[in-house]
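The figures that follow rest on heavy atoms only: side chains count, while hydrogens, waters and symmetry mates do not. Throughout, protein chains are lettered first and strands after them, A, B, ... in sequence-line order, and every chain is numbered starting at 1.
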2 protein chains.
Amino acid sequence: MINSYQDGDKFTLAVDCIIFGFDNEKLKILLIKRDFEPEKGKWSLMGGFLRKEENLDEAADRVLQHLTGLDNVYLEQLHAYSAVDRDPLERTVSVSYYALINASTTPEINDDGEQYAAHWFNIDEAPELIFDHNAMVRHAMNRLRYRALTKPIGFELLPEKFTMRQLQSLYEAILGEKLDKRNFINKINGLDILHKLDEKDMNSSRKGSFLYMFDELKYNAKVSEGFIFKL
Amino acid sequence: MINSYQDGDKFTLAVDCIIFGFDNEKLKILLIKRDFEPEKGKWSLMGGFLRKEENLDEAADRVLQHLTGLDNVYLEQLHAYSAVDRDPLERTVSVSYYALINASTTPEINDDGEQYAAHWFNIDEAPELIFDHNAMVRHAMNRLRYRALTKPIGFELLPEKFTMRQLQSLYEAILGEKLDKRNFINKINGLDILHKLDEKDMNSSRKGSFLYMFDELKYNAKVSEGFIFKL
DNA sequence: ACAAAAGTGTTAAGAATACACCCATGT
DNA sequence: ACATGGGTGTATTCTTAACACTTTTGT
């Protein structure tokens with residue numbers, strides 16, 4: 001049974017990316033409209049096939065870069081989907097990844113009109129997706145919520161400089177609940193992983209609000225001292 | 001790029017199982033000694049190849065049943081490992097699963113001596129494993145610790161009837177730390193998901209200790225009322 | 001002067017932790 | 001009678017949650 005390779009069936013392997021973004025108000029997801037069969041015209045996640053010379057992480061990076069042009073994106077593997085009939089055309093096992101991209105750094109999406117049209121949707125207004133992609137998105141949301149509480153991944157979704165209010169809005173969008181302003185700020189400051197700038201953002205109010213940066217060095221130092229990030 | 005299936009490479013897909021057990025004292029892992037190449041004679045996880053007519057969960061079930069004869073085992077998918085050179089003989093992508101089996105229900109292991117010899121190891125005394133199996137085990141331990149705090153999975157590893165002390169020892173083994181007896185019992189009782197029997201286990205002491213059963217109905221009712229299990 | 005968002009601490013409630021003695025029984 | 005593990009409750013600390021007013025400044 002396991003003592004030989006010769007009798008193994010072979011499979012097409014795909015990656016599908018759940019791409020999250022944030023526009024300072026709502027959590028978004030990037031979807032593409034399929035311009036090819038099967039399920040032409042329907043919305044789906046961005047995906048691609050694994051190639052012999054790469055591993056799954058690299059395939060996900062490649063797919064993401066093709067669509068967004070972005071490199072060094074936060075990507076995390078989620079789950080392998082393998083139902084025999086999940087893809088009606090051909091047996092395909094797909095490994096899902098979720099990506100966090102900072103909407104303000106994001107250049108135009110590679111929407112070449114030929115293969116697919118890409119579009120940002122509010123996470124709660126996304127259309128029905130093909131295959132098992134709806135389940136993939138639900139799963140990704142759960143993981144995102146969990147991760148947001150145990151790793152400072154939120155910063156991946158924000159511009160380099162951001163206000164406390166933006167950070168709070170992001171966490172509210174991820175967790176799906178309102179948070180208390182003072183408690184939130186106290187908690188964040190208690191973590192001591194932000195650098196407060198002298199600069200203010202004057203867009204949101206007359207008074208202006210101070211900008212902060214995530215201090216990755218401080219964070220890494222704390223983690224290596226055994227500090228456990230917990231929001 | 002994604003608009004056709006024809007140019008896709010194909011891959012051998014495997015599942016590898018991290019099989020945890022508990023002997024009332026230590027957390028154990030079931031490993032097999034390979035009697036075939038590559039890496040003949042070395043210890044590894046139990047694995048097998050995915051077949052066309054099944055999905056990954058089914059493949060993991062099959063592999064596990066072949067080894068242990070057990071059905072209805074708790075199995076959870078963990079991660080897809082896909083390094084190009086992870087298996088020196090042939091490009092193989094492997095999806096890891098962890099399994100929890102109740103050592104007392106476990107019949108003899110299917111150790112047929114021809115293909116492999118299976119052996120239980122204390123988790124902290126396990127030998128070096130082939131390929132990336134060491135990483136798979138580390139990953140599985142982390143997931144097990146997390147799950148143990150948020151789902152009553154511990155009960156999968158115990159006999160149907162068990163004492164509080166057994167339950168506590170199990171959690172201590174999983175979490176790798178000593179717990180306070182009174183606090184532990186208070187917490188467990190606070191969850192109100194156990195059924196206390198009139199029966200006593202007379203093996204562990206002269207006085208005897210009451211046996212308990214996990215009440216799955218109560219648990220499910222609580223969960224569907226929105227109760228969040230948190231140990 | 002007022003509208004609109006920023007900024008700032010304290011108190012109360014709840015959760016987690018530390019801790020020590022008596023009980024039942026077989027030998 | 002004693003040795004062994006079983007069983008039980010309270011006080012303290014820490015963490016989390018609730019809560020309201022003043023500041024700044026552009027119009």
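E58(A) is listed as a side-chain neighbour of N55(A), based on a closest heavy-atom distance under 4.5 Å.
Listed in residue order, the members of residues 167-180 of chain A having a heavy atom less than 4.0 Å from DNA chain C come to none. The stretch residues 200-210 of chain B comes close to DNA chain D through S204(B), S205(B), K207(B), G208(B), S209(B), F210(B), each having a heavy atom under 4.0 Å from the strand.
Taking the six-membered ring for Trp and thresholds of 30 and 60 degrees, H139(A) and H79(A) have ring planes inclined between 30 and 60 degrees apart. Relative orientation of the Y146(A) and Y146(B) rings is tilted, given thresholds of 30° and 60° on the angle between their planes. Using a 30° and 60° split on the angle between ring planes, Y98(B) and Y74(B) fall in the tilted class, from 30° to 60°.
Atoms CG (N186(A)) and C1' (dT15(D)) sit 13 Å apart, rounded to a whole Å. As a whole-Å value, the separation of F184(B) CZ from dT8(D) C1' is 16 Å. Note: NZ (K181(A)) to C1' (dG7(C)) measures 7 Å, nearest angstrom. We find that CG of L149(A) is positioned 14 Å from C1' of dT16(D), with the value rounded to whole Å. Computed from coordinates, the I188(B) CD1 to dT8(D) P distance equals 15 Å when rounded to whole Å. Atom-to-atom, CD1 of I228(A) to C1' of dC14(D) comes out at 16 Å; the value is rounded to the nearest Å. For I185(A) and dC19(D), the CD1 to P distance is 18 Å, given to the nearest whole Å.
There is a side-chain donor-acceptor pair under 3.5 Å between Y97(A) and D57(A). Checking N203(A) against D201(A) by side-chain atom types alone, a donor-acceptor pair falls below 3.5 Å. Of the N and O atoms on the side chains of D16(A) and S94(A), at least one donor lies less than 3.5 Å from an acceptor on the other residue.
Under the 6.0 Å distance and 45° angle rule, K196(A) does not count as a cation-pi partner of Y212(A).
Although no hydrogens or angles enter the test, the distance criterion places a donor-acceptor pair under 3.5 Å between the side chain of Q77(B) and the main chain of A80(A).
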Is there any protein nitrogen or oxygen under 3.5 Å from a nitrogen or oxygen in nucleotides 13-16 of chain C, and what are the pairs?
none

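Here the rule is side-chain hydrogen bond (donor to acceptor under 3.5 Å, both in side chains) with N122(A), and of K28(A), E25(A), K26(A) only K28(A) fits it.
Taken to the nearest 0.5 Å, the CG atom of L45(A) stands 8.0 Å off from the CD1 atom of I19(A).
Among dG7(C), dC19(D), dT8(D), the nucleotide with an atom closest to any side-chain atom of N183(A) is dC19(D).
In terms of polar N and O atoms assigned as donor or acceptor, the side chain of R182(A) never comes within less than 3.5 Å of the base of dA6(C) in a complementary pairing.
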